[in-house]
Amino acid sequence: MGKGSGYGKVILFGEHFVVHGIPGIVSAIDSSTDAIVTKAAKGLNIKDERKTSKGYGEEKRLQQIESIERMLKAMKLDPKTPLDIWIGGSLPGFSGLGASAASSVAIARAINEELNLGLGNDQINAIAYEGEKAYAGNPSGIDNTAATYGGLMWFKKNPAGGQDLVERVRIKRPVEVVIGSTGKTANTKAMVEGVADRRKANPAKYDPLFKQAESLAFAGRKALEVGDLKKVGDLMNENHRILQEIGVSSKELDQLVEIARKQGAFGAKLTGGGGGGCMVALTGGNEVSGKVVGAFKGAGFGYLMTKIGVVTY
Ligand code: MEV
């Protein structure tokens with residue numbers, strides 16, 4: 001029996017833009033997906049016991065099988081290797097929290113242990129990236145990197161396909177955030193493709209937005225490092241606006257963002273692929289977190305109270 005885990009994450013700056021080589025800032029959260037893998041007599045038998053939003057399991061089932069086969073191939077194993085795989089853990093299967101990447105990392109680690117492959121973190125990360133392709137089509141690698149190593153990081157994809165730039169972002173203390181869930185499962189692959197298509201069709205609109213996203217990531221890093229939460233929040237709000245402009249927000253995401261700001265959050269934005277899924281509100285403390293959670297509950301939305309910048313490495 002092999003066991004493994006992978007962290008969930010929130011993206012504070014730069015989702016979608018990171019796919020195109022713009023830097024992003026991501027933080028692992030203290031919820032993870034766990035996997036247990038055992039050699040089987042035949043077939044791929046998946047028992048997925050994660051708590052999920054409605055329809056998540058069905059929407060992702062085929063992508064999950066493809067993802068595991070891709071990872072087995074990346075490990076130079078037969079993609080049809082018979083395995084029993086159990087998936088669970090504290091990270092809910094909500095779109096936007098890196099649940100697919102967390103499960104890929106957890107499964108890759110569990111296979112590694114069960115089959116004594118001797119793989120290290122860098123190899124697990126590269127294998128999970130192959131698995132992520134099934135879910136995101138052309139992923140940046142930000143989710144699997146956060147899921148593998150944890151912590152708060154600056155991530156810039158190398159568009160030429162070489163080594164990505166990954167740097168630790170140091171902050172004075174872990175900062176409270178609340179994640180709000182629309183309860184709607186989103187197809188990350190379709191969201192990523194949609195942005196790429198619209199950018200191609202309308203560079204005059206999109207190129208300046210990509211430039212703005214880049215400036216926001218740099219300003220966001222600086223504000224995080226000096227602990228200026230008001231500034232981080234303002235920049236997150238600005239980031240949400242440009243995500244609206246590239247067409248990845250939704251009515252429910254905008255509603256959650258509005259609620260969080262009204263309850264006193266420093267800032268709020270959608271997080272991850274959008275089109276449903278989750279948003280993140282920077283509250284900076286338990287009092288505001290409590291108010292935001294109360295208002296989310298009152299409006300019928302799911303939530304998760306957590307922190308960014310928890311050192312997990
Ligand atoms: C998904 O969490 C983040 C996206 O930018 C896709 C990716 O970077 O792979 C939408």
Side-chain angles (χ1 to χ4, degrees), residues 6-29 31 33 53 56 59-60 63 67 70 91-105 125-126 128-149 152-159 161 164-166 177 179-182 184-199 206 209-210 213-214 216-217 220 236 239-240 242-250 253 269-280 304 308:
Y7 299 109
K9 65 92 194 27
V10 282
I11 295 180
L12 297 172
F13 294 99
E15 48 273 275
H16 283 290
F17 302 101
V18 278
V19 171
H20 305 270
I22 302 290
I25 300 177
V26 64
S27 179
I29 58 174
S31 299
T33 298
S53 54
Y56 184 92
E59 168 81 27
K60 307 277 177 188
Q63 293 177 345
S67 164
R70 277 177 175 274
L91 181 72
F94 294 163
S95 294
L97 296 188
S100 61
S103 71
S104 297
V105 169
N125 189 30
Y129 177 71
E130 286 306 311
E132 267 293 275
K133 288 182 182 168
Y135 296 102
N138 173 31
S140 63
I142 193 168
D143 286 13
N144 49 275
T145 303
T148 303
Y149 302 102
L152 179 65
M153 55 178 81
W154 174 263
F155 179 93
K156 188 174 188 301
K157 178 181 172 143
N158 182 340
D164 301 320
L165 176 68
V166 183
V177 297
I179 290 157
S181 168
T182 62
K184 294 206 167 146
T185 301
N187 184 330
T188 312
K189 191 172 175 180
M191 298 307 292
V192 168
E193 281 169 4
V195 173
D197 291 348
R198 290 192 291 280
R199 183 191 192 195
Y206 277 72
L209 294 171
F210 275 62
E214 185 169 27
L216 281 175
M236 286 170 68
N239 197 161
H240 185 69
I242 59 174
L243 288 164
Q244 286 173 318
E245 287 204 41
I246 65 167
V248 296
S249 194
S250 72
L253 284 168
K269 61 180 275 293
L270 74 84
T271 188
C278 291
M279 53 70 72
V280 56
L304 191 70
I308 55 159

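In listed order, ligands and their atoms are each counted from 1.
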Open item on the list: So Asn187 and Gln63, do their side chains get closer than 4.5 Å, heavy atoms only?
Closed with: yes

Task: Beyond-backbone contact of Glu214 with Ile22, side-chain heavy atoms, under 4.5 angstrom - done: yes

Open item on the list: Any non-hydrogen side-chain atom of His16 less than 4.5 Å from a side-chain atom of Leu270?
Closed with: no

TODO: Answer yes or no: is there a side-chain heavy-atom contact under 4.5 Å between Thr185 and Ser53?
DONE: yes

Task: Per-ligand residue contacts, ligand 1, heavy-atom threshold under 4.0 Å - done: Lys9, Ile11, Glu15, His16, Val18, Val19, Pro139, Ser140, Ile142, Asp143, Val192, Gly272, Gly273

Open item on the list: Could you check whether any side-chain heavy atom of Asn239 comes within less than 4.5 Å of a side-chain heavy atom of Glu15, counting everything from C-beta outward?
Closed with: yes

Open item on the list: Applying salt bridge (charged side-chain N to carboxylate O under 4.0 Å, His left out), can you list everything that pairs with Glu59, at least two apart in sequence or on another chain?
Closed with: none

